[in-house]
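So that the names make sense, note that chain A is the first sequence line, chain B the second, and so on, each numbered from 1. Only heavy atoms go into these numbers, but all of them, side chains included; no hydrogens, no water, no symmetry mates.
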Protein chains: 2
Amino acid sequence: MRIGDVAQRAGVSTRALRYYEEQGLLGSERTSTGQRTYTESAIERVQLIQQFFTAGLPSRTILQLLPCVESGHASPEVFEVLEEERRRITAAMADLAAARDALDRMIDITRNPTPEHCPSLR
Amino acid sequence: MRIGDVAQRAGVSTRALRYYEEQGLLGSERTSTGQRTYTESAIERVQLIQQFFTAGLPSRTILQLLPCVESGHASPEVFEVLEEERRRITAAMADLAAARDALDRMIDITRNPTPEHCPSLR
DNA sequence: CTTGCCCTTGACGTCAACGTCAACGTTTAG
DNA sequence: CTAAACGTTGACGTTGACGTCAAGGGCAAG
């Protein structure tokens with residue numbers, strides 16, 4: 001597969017794929033003329049990378065974790081990274097829940113306006 | 001209160017407070033010599049602003065929502081913004097949950113390594 | 001052959017919420 | 001009074017995951 005196919009099937013831009021390669025997150029073979037070639041497994045890998053990016057992991061951290069996906073083994077340091085990121089994500093979910101609740105209170109108030117609305121915003 | 005007090009009590013930098021004012025998110029009185037003065041309610045307001053920033057809302061959107069906190073009323077457009085952001089946050093929480101689950105699978109595998117680990121990563 | 005779409009590298013642009021530094025005025029504790 | 005600590009505006013720097021040209025080469029169809 002060429003880069004455009006992978007991009008379309010994985011739902012990312014070709015620029016993103018080259019960026020992933022630049023960061024060491026995604027490998028590729030080259031044809032004799034220098035064009036990138038990918039296997040089917042690249043699509044799955046890109047989707048996993050995207051999932052981690054969406055969760056707020058920086059590329060350096062993803063770079064640490066990806067080898068563990070392939071080897072099925074993690075050094076103690078990488079294991080600590082795994083658990084640290086898990087904690088980060090859990091905290092982020094709590095923050096989102098808090099903000100969502102704040103929005104819910106605002107939505108509720110704007111639907112049933114009361115003279116004494118201010119205290120209930122806290 | 002001066003800006004340093006608000007910063008400390010709200011847990012943000014003075015630079016952030018000036019930025020909020022610049023963006024129209026936070027008002028202040030001025031002394032005769034030009035120094036900013038805040039009321040107690042500023043702290044609560046800053047914390048709400050922070051909560052929204054943490055949830056990924058941009059300052060322009062927060063600027064739309066804040067008047068609704070004070071007035072207790074929302075125009076139809078602002079109301080739509082409220083619900084749209086609620087949907088965004090809900091989706092973001094789902095993404096985080098998915099990434100957390102991926103991490104959990106990796107953690108599980110690195111704890112009990114199996115020869116057939118690869119399929120369970122999907 | 002040439003048209004049109006795909007690919008390459010390289011390099012600069014973006015966006016947002018601040019950090020940081022400069023140069024200077026203000027308030028406060030001793 | 002004076003020095004430390006705090007305040008002001010202005011402006012440039014940071015960070016990360018790409019977007020977006022630019023300039024050129026590769027490849028199947030008609």
Which ones in residues 84-97 of chain A lie close to DNA chain C, meaning a heavy atom under 4.0 Å from one of its atoms? none
What's the spacing between Ile49(A) CD1 and Leu63(A) CG if we round to 0.5 Å? 9.5 Å
Under 4.0 Å protein heavy-atom contacts per nucleotide of nucleotides 10-24 of chain D, with B for base, S for backbone only and - for none: -B----SBBBB----
Here the distance between atom P of dT9(C) and atom CZ of Arg18(A), to the nearest Å, is 7 Å
Distance in angstrom units between Gln8(A) CD and dC7(C) P, rounded: 10 Å
Between Arg30(A) (CZ) and dG26(D) (C1'), how many Å, whole number? 14 Å
Measuring only between side-chain heavy atoms, which start at C-beta, is Phe52(B) closer than 4.5 Å to Leu103(A)? yes
Listing, residues 82-98 of chain A side-chain donor-acceptor contacts under 3.5 Å, not counting sequence neighbours, or none:
unit_1   : atom_1 : unit_2    : atom_2 : d
Glu84(A) : OE1    : Arg87(A)  : NE     : 3.4
Glu84(A) : OE1    : Arg87(A)  : NH2    : 2.9
Glu85(A) : OE1    : Arg88(A)  : NE     : 2.8
Glu85(A) : OE1    : Arg88(A)  : NH2    : 3.3
Arg86(A) : NH1    : Asp104(B) : OD1    : 2.7
Arg86(A) : NH1    : Asp104(B) : OD2    : 2.7
Arg87(A) : NH2    : Glu80(A)  : OE2    : 3.0
Arg88(A) : NH2    : Ala55(A)  : O      : 3.3
Thr90(A) : OG1    : Arg86(A)  : O      : 2.9

Tell me every residue that passes side chain to side chain contact (heavy atoms under 4.5 Å, CB included) with Arg60(A), counting only those two or more places apart in sequence or in another chain. none
Measure across Glu21(A) and Tyr38(A) and return the closest heavy-atom pair with its distance rounded to 0.1 Å. OE1-OH, 3.9 Å
Glu70(B) side chain near Arg45(B) side chain, heavy-atom distance below 4.5 Å: yes
Salt bridge check: are Glu44(B) and Arg9(B) linked by an N-O gap of less than 4.0 Å? no
Contacts of type side chain to side chain contact (heavy atoms under 4.5 Å, CB included), residue Glu77(B), not counting sequence neighbours: Ser75(B)
Heavy-atom closest pair (Leu25(B) atom, Ser59(B) atom, distance to 0.1 Å) is CD2-O, 3.7 Å
Could you state the atom-to-atom distance from OH of Tyr38(A) to C1' of dC6(C) in whole Å? 14 Å
Report, as a single string ordered 5' to 3', how protein heavy atoms within less than 4.0 Å touch nucleotides 21-30 of chain C: B base, S sugar-phosphate only, - not at all. ----BSS---
Closest contact, heavy atoms only, Ala74(B) versus Thr110(A): CB-CG2, 3.4 Å
